[in-house]
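If you're wondering where the values come from, they're calculated on a predicted model, not measured in any experiment. Every chain is numbered from 1, with letters handed out A, B, ... down the list of sequences.
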Amino acid sequence: MAEITMPKMNLPGTATTVSASAPLIAIENLSLYYGASKALKNISLGLGEKVVTAFIGPSGCGKSTLLRCLNRMNDLIDNVRIEGSCKIGGHDIYAKDVDAIELRKRVGMVFQKSNPFPKSIYENVAYGLRLHGMKAKSELDAVVEKSLRGAALWDEVKDRLHSSALGLSGGQQQRLCIARAIAIRPEIILMDEPASALDPLATARIEELILELKKEFTIVIVTHNMQQAARISDYTAFFYIGELIEFDTTAKIFTNPSKRQTEDYVTGRFG
Amino acid sequence: MGIHRGHKARPAEWLAEKFIFLVSLSAILMVLLIFLFVAREALPVLFGETNTALVQKPIPPDEVDKHSAAELEAYLEITPDQLARMSKETLRSLMDVKVEAQNDIPEEFRNDPDARINTTEWQYLLKAHQWSGYDKPEHIWQPVGQVKKFNIIPLFVGTLKVTLIGLFFAVPLAVGAAIYVSQLARPRTREILKPVIEMLSGIPSVVVGFFALLVMATVLQSIFHYQTRLNAFVAGIALGFAVIPVIFSIAEDALTSVPRAYTQGALALGASRWQTAWQIVLPAALPGVFAAAVLGFGRAIGETMIVLMVCSASVMSWSIFDSARSITTTIAAEMAEAVSGGPHYRILFLLGALLFAATFLSNMAGDFVIHRFKQKLEGKK
Amino acid sequence: MNTLTPSEYLPEKSADTTRFTRNFRAEKFDFWSFFFSGLTGAATWLIVAILATILLNIGINGWSAISWHFVSTIPKKDFFDANTTGVLPMIVGTSIRVIVMTIFVIPVGVITAIYLTEYAANTSLLTRIIRAAVNNLAGVPSIVFGLFGLGFFINFVGKNLDKILHNTDAVWGQPALVWASLTLAVMTLPVVIVATEESLKAIPAGLREASLALGATKLQTILRVVLPQALPGILTGGILAVSRAAGEVAPILFTGVAYYMASLPSHLSDQFMDLGYHVFVLSTQSPNIEQTRPILYATVLVLLILTFALNLVAVLIRSNIRKKMRSMH
């Protein structure tokens with residue numbers, strides 16, 4: 001990908017040590033099987049609060065699969081079996097009494113390909129709010145506006161809130177999906193290659209947005225774009241064929257990785 | 001052989017391609033032929049060339065030349081073909097016979113106003129008429145007897161009644177099942193349920209009719225306690241059985257073709273499976289589901305054997321527990337007794353042509369909606 | 001980019017201080033989701049139950065009434081007598097009319113499907129008209145096919161054939177086996193076209209390209225690479241058409257079926273007896289329905305075995321093809 005000039009921004013002060021003693025998301029010995037094949041192998045990982053963590057690795061390495069474990073979207077596929085534990089805020093999300101729906105309300109997700117509903121822009125953002133029982137028009141209006149502002153989309157759509165979301169450009173659609181996700185105030189936002197289908201300009205806007213959002217949210221992002229990971233994340237985890245190879249601060253991963261495989265990948269020798 | 005194009009390079013291949021092309025036109029040809037030949041038998045009614053009046057103004061044999069061929073054909077109830085082959089003498093003697101036959105009509109009929117009516121005229125086909133012996137104008141289909149009454153309104157009412165009962169029963173069940181199978185059931189359950197429900201369409205309608213007649217009619221009567229054992233209600237429910245697989249297949253297909261991205265988006269927001277299906281998937285698939293109902297309607301009004309076996313009396317009534325006679329039933333039951341080329345025969349063909357037109361339109365509408373729907377989902381507008 | 005700070009433009013943070021420590025149990029039971037999931041599930045299982053009831057009712061009652069004598073006997077004129085009756089001529093009649101139909105419909109249907117998938121430009125007007133015609137043909141009521149058979153095959157083709165052959169008596173210009181078969185062939189044409197097309201589409205484009213790249217002509221590619229691959233699909237189409245046609249009664253009512261015949265049909269211009277029509281006759285014309293009941297059930301069972309078994313096979317092959325196709329994409 002061609003280098004693009006990034007707008008000047010206040011880069012966050014990167015933490016130097018990996019996470020505090022009690023991370024927000026604690027993955028322990030997690031393995032995932034599709035039928036008989038093991039797609040994730042004994043992953044252990046702790047992710048901190050209000051930081052951006054990037055999952056990188058060549059395609060098929062399991063980074064998206066792991067991401068989808070965090071809001072149990074893998075439940076929707078038949079034949080998927082999970083071993084080990086994954087705790088959010090100390091609660092095992094795969095425990096018997098956990099309601100996947102309740103979990104997903106609190107762990108939001110933005111997909112690789114923008115997927116606004118075939119409804120109006122307003123209704124797209126309001127949908128999640130209504131699901132959570134918000135009914136009053138004035139309340140809805142206020143949160144929709146705030147969310148759209150939060151996703152840096154308000155100025156572009158404020159005059160056509162009630163026209164179809166499918167009429168927006170790709171980048172706008174993706175920002176709408178982000179607005180939709182943040183409207184219900186999740187604790188964590190999962191992003192699955194959110195900018196891979198966008199042009200460089202739209203990508204830059206999304207990245208800018210992610211840096212703003214991390215002041216309020218914990219963000220986990222999957223990306224195959226290493227520059228992107230370097231630009232926006234505080235921590236980076238490198239995966240290879242279902243295994244976690246290395247997890248450290250982004251600065252360390254990209255400047256001085258401790259594993260040979262990581263170095264080969266981030267320097268572009270394979271992948 | 002050089003690298004030339006065209007039929008000179010490979011004549012056999014060229015011929016084969018032309019042949020394949022021509023054969024592929026057969027579907028179009030068949031639709032045209034069906035329309036042409038069903039309408040052809042019905043045309044004389046449309047153009048008012050049939051006459052069923054018992055008492056007609058006799059044409060004296062000497063005045064043969066003053067009348068057009070069409071008038072003579074209707075008067076003598078013969079085909080143009082027969083007229084063309086007839087010699088002057090045969091024609092004359094035929095006309096003598098006709099005049100004599102007219103003179104032989106008993107006096108009491110001659111005075112009956114009904115006997116002068118050509119019952120195949122449009123007003124008698126469509127509008128209520130007060131026949132002698134009746135105390136108010138009525139819509140009557142009664143193709144036998146001295147004065148044959150061909151009012152087609154009772155048949156329309158019967159058809160609509162049975163069809164609507166069938167759809168009322170089938171649409172909620174089939175669409176509900178389509179939602180369940182496509183959105184809520186586990187993938188493995190879906191793999192089993194889908195072919196099982198589609199198997200219902202493999203039961204011949206005569207078997208459904210048989211089942212309704214022998215088993216269902218009795219069961220339903222003991223539940224609802226109505227008077228006539230065989231009625232439009234039973235026929236409608238049985239018809240529903242036949243229509244369910246049609247509606248289910250199309251609706252399920254429409255629901256499945258809604259992109260998974262929508263479903264995932266909603267689930268990721270914390271919507272339940274049902275909320276996703278009802279609030280996101282169903283609205284997106286609505287045109288397809290609507291089309292399923294329209295195509296189900298087309299299938300239902302064309303169904304013959306079920307209604308024929310379960311109820312057939314032609315009474316003009318909207319009550320669902322009365323009997324009803326549909327258009328298809330009428331054609332099936334009466335064609336055998338209708339004289340080939342006679343007015344009754346032609347009106348049955350007219351009914352067939354109307355039925356064809358109705359299903360043609362509902363099919364076109366259904367296909368159009370589905371086509372647009374699929375295009376929209378694929379992002380082409 | 002606007003200059004607001006995040007806390008100003010982001011949605012209010014909830015006052016909830018238990019954030020991050022709250023567990024993920026459902027706050028309240030979602031009654032409506034549960035209710036409607038159950039409702040649609042009930043609709044599904046009701047349909048399955050209806051199907052099961054019909055099949056079991058016929059299977060159990062029919063099985064106890066069926067016998068070898070019953071399926072191998074040519075009945076006397078009074079076929080309502082449970083002791084002497086049989087359905088051999090009906091089985092023969094139904095089978096022959098279906099076989100003759102297959103001979104007409106398979107080539108035409110397969111060739112049309114080949115044109116639609118291999119040759120036609122998908123967007124051309126003609127292709128769209130052909131597709132519309134196929135769809136419409138599939139929706140024409142079966143009784144209208146019966147009228148068409150009478151008006152076209154018998155009154156037009158048959159009568160003119162008699163004229164040309166100088167038959168003094170009507171030979172072809174009357175209901176006959178061949179006309180019933182042809183009528184059914186027109187009716188089942190879309191079934192064959194759609195099934196064949198589906199299986200042709202399921203063949204990967206790479207296969208065709210590989211053949212073409214070796215210098216094969218399009219026709220050679222179709223004949224040697226595409227068609228052999230599509231054979232299961234074509235078979236499905238044929239079976240579906242046969243199973244659909246075997247159970248249809250309305251289209252043959254005026255085109256060839258006979259209430260009773262003392263002997264088996266021996267010529268294409270003969271009339272024939274038919275299982276489906278026989279079911280109709282037995283259930284509506286019987287002088288004593290209680291006495292006819294066993295033979296009626298037995299006849300229905302024979303008809304169901306003939307149509308349903310075929311249909312089951314076709315559905316299985318078809319779902320296999322669909323699975324293959326889905327795994328391809």
Side-chain angles (χ1 to χ4, degrees), chain B residues 10 13 16-17 20-21 23-24 26-28 30-31 33-34 37-38 40-41 172-173 176-177 179-181 184 193 195-200 202-204 206-207 210-211 213-215 241 244 272-275 278 295 298 302 304-305 309 328 331-332 335 349 352 355-356 359-360 363-364 367, chain C residues 30 33 36-37 39-41 43-44 46-48 50-51 54 57-58 108 111-112 114-116 119 129-130 132-137 139-144 147-148 151-152 156 186 189 193 217 219 243 247-250 253-254 276 279-280 283-284 296 300 303-304 307-308 311-312 315 319:
Chain B
R10 293 190 188 82
E13 178 111 3
E17 277 182 23
I20 291 174
F21 172 68
V23 172
S24 75
S26 56
I28 303 178
M30 285 308 152
V31 173
L33 281 180
I34 292 174
F37 277 87
V38 173
R40 189 180 87 131
E41 303 282 336
L173 271 187
I179 293 176
Y180 183 78
V181 169
L184 307 173
L193 279 176
V196 166
I197 294 180
E198 281 172 344
M199 248 158 60
L200 197 56
I203 300 184
V206 70
V207 174
F210 147 84
F211 182 77
L213 181 69
L214 259 74
V215 183
F241 290 2
I244 281 174
S272 71
R273 287 246 176 189
W274 167 258
Q275 285 167 330
W278 182 251
L295 292 172
T304 309
M305 297 313 289
M309 289 166 84
T328 52
I331 300 172
M335 188 52 90
F349 266 92
L355 198 62
F356 179 71
T359 49
F360 186 88
N363 285 330
M364 289 294 267
D367 285 340
Chain C
D30 184 356
S33 289
F36 283 110
S37 302
L39 202 66
T40 52
T44 312
L46 178 61
I47 297 175
V48 174
I50 289 171
L51 178 71
I54 296 179
N57 180 280
I58 292 167
V108 178
I111 291 176
T112 307
I114 288 177
Y115 176 78
L116 285 176
Y119 288 100
I129 296 177
I130 295 178
V134 173
N135 277 340
N136 263 300
L137 213 50
V140 172
S142 48
I143 191 79
V144 174
L147 290 178
F148 167 65
F152 179 66
F156 183 74
V186 177
L189 187 60
I193 294 177
T217 65
L219 192 66
S243 119
E248 278 288 348
V249 178
L253 277 178
F254 328 129
V279 169
F280 168 67
S283 40
T284 55
L296 184 46
V300 171
L303 176 63
L304 258 193
T307 59
F308 213 69
N311 205 43
L312 196 66
V315 167
S319 83

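With a 4.5 Å cut-off on side-chain heavy atoms, B:Thr304 and C:Ser142 count as touching. Contact check for C:Tyr115 versus B:Val23: no side-chain heavy atoms found under the 4.5 Å cut-off. At least one side-chain heavy atom of B:Phe37 sits under 4.5 Å from a side-chain heavy atom of C:Phe156. Contact of the B:Trp274 side chain with the C:Thr40 side chain is registered, since non-hydrogen atoms from C-beta on lie closer than 4.5 Å. Between C:Leu253 and B:Ile331 the shortest side-chain heavy-atom distance does not fall below 4.5 Å. At least one side-chain heavy atom of B:Leu193 sits under 4.5 Å from a side-chain heavy atom of C:Val48.
Of the listed residues (B:Gly352, B:Pro195, B:Gly176), the one with the most heavy-atom contacts under 4.5 Å to chain C is B:Gly176. Note: C:Leu51 leads C:Leu296, C:Val186, C:Leu51 in heavy-atom pairs under 4.5 Å with chain B. The candidate from B:Val31, B:Ile34, B:Thr328, B:Leu33 with the greatest count of non-hydrogen atom pairs under 4.5 Å with chain C is B:Ile34. In terms of heavy-atom pairs under 4.5 angstrom with chain C, the leader among B:Phe349, B:Phe356, B:Phe241 is B:Phe349. Each of C:Ile129, C:Ile193, C:Ile47, C:Val279 has some count of heavy-atom pairs under 4.5 Å with chain B, and the biggest count is that of C:Ile47. Ranking B:Leu295, B:Val181, B:Leu214 against chain C, the residue ahead of the rest is B:Leu214, based on heavy-atom pairs under 4.5 Å. Counting heavy-atom pairs closer than 4.5 Å to chain C, the top residue among B:Ala16, B:Gly298, B:Pro172, B:Pro204 is B:Pro204.
Only the side chain of C:Leu46 has a heavy atom closer than 4.5 Å to any heavy atom of chain B. Only the side chain of C:Leu303 comes within contact range of chain B, with at least one heavy atom under 4.5 Å from a heavy atom of that chain. Of the atoms belonging to C:Leu219, heavy atoms from both backbone and side chain fall under 4.5 Å from chain B. In this structure, chain B has no heavy atom under 4.5 Å from any part of C:Leu116. The parts of C:Asn136 that come within reach of chain B are both its backbone and its side chain, each placing non-hydrogen atoms under 4.5 angstrom from that chain. Looking at C:Phe280, both its backbone and its side chain come within 4.5 Å of chain B, counting heavy atoms on both sides. Contacts of C:Ile50 with chain B are made by side-chain atoms alone, with heavy-atom separations under 4.5 Å and no backbone atom involved. Proximity to chain B (any heavy atom under 4.5 Å) is shown, for C:Leu147, by both the backbone and the side chain. The contact between B:Leu200 and chain C is made by backbone and side chain atoms together, counting heavy-atom distances below 4.5 Å. Of the atoms belonging to B:Val196, heavy atoms from both backbone and side chain fall under 4.5 Å from chain C. Both the backbone and the side chain of C:Asn135 have a heavy atom closer than 4.5 Å to some heavy atom of chain B. With a 4.5 angstrom heavy-atom cutoff, B:Met199 touches chain C via backbone and side-chain atoms both. Only the side chain of C:Phe254 comes within contact range of chain B, judged by heavy atoms closer than 4.5 Å. Contact annotation for C:Val108: both backbone and side-chain heavy atoms come within less than 4.5 Å of a heavy atom of chain B. Both the backbone and the side chain of B:Gln275 come within contact range of chain C, with heavy atoms under 4.5 Å apart.
Summarising the geometry, atom CZ belonging to B:Arg273 is positioned 12.0 Å from atom OG belonging to C:Ser33; distances are rounded to the nearest 0.5 Å. For the atom pair C:Ile54 CD1 and B:Ile203 CD1, the distance stands at 4.5 Å (nearest 0.5 Å). Expressed to the nearest 0.5 Å, how far OG of B:Ser24 lies from CD1 of C:Ile130 amounts to 4.0 Å. Between atom CD1 of residue B:Ile179 and atom CG of residue C:Leu39 there is a gap of 10.0 Å, rounded to the nearest 0.5 Å. Note that the OG1 atom of C:Thr112 and the CZ atom of B:Phe21 stand 11.5 Å from one another [nearest 0.5 Å].
Between B:Ala177 and C:Ala43, the shortest heavy-atom contact is N-CB, 4.1 Å. Taking each heavy atom of C:Asp30 and B:Ser272 in turn, the nearest pair found is OD2-OG, 3.8 Å. Taking every heavy atom of both residues into account, C:Thr307 and B:Gly202 meet most closely at OG1-O, 4.1 Å. The two residues C:Gly247 and B:Val206 make their nearest non-hydrogen contact at O-CG1, 4.0 Å. Residue C:Ser283 comes nearest to B:Met309 through the heavy atom pair OG-CE, 3.0 Å, listed as atom of the first residue, atom of the second, then distance. Of all the heavy atoms in B:Asn363 and C:Gly139, the pair that sits closest is ND2-CA, 3.2 Å.
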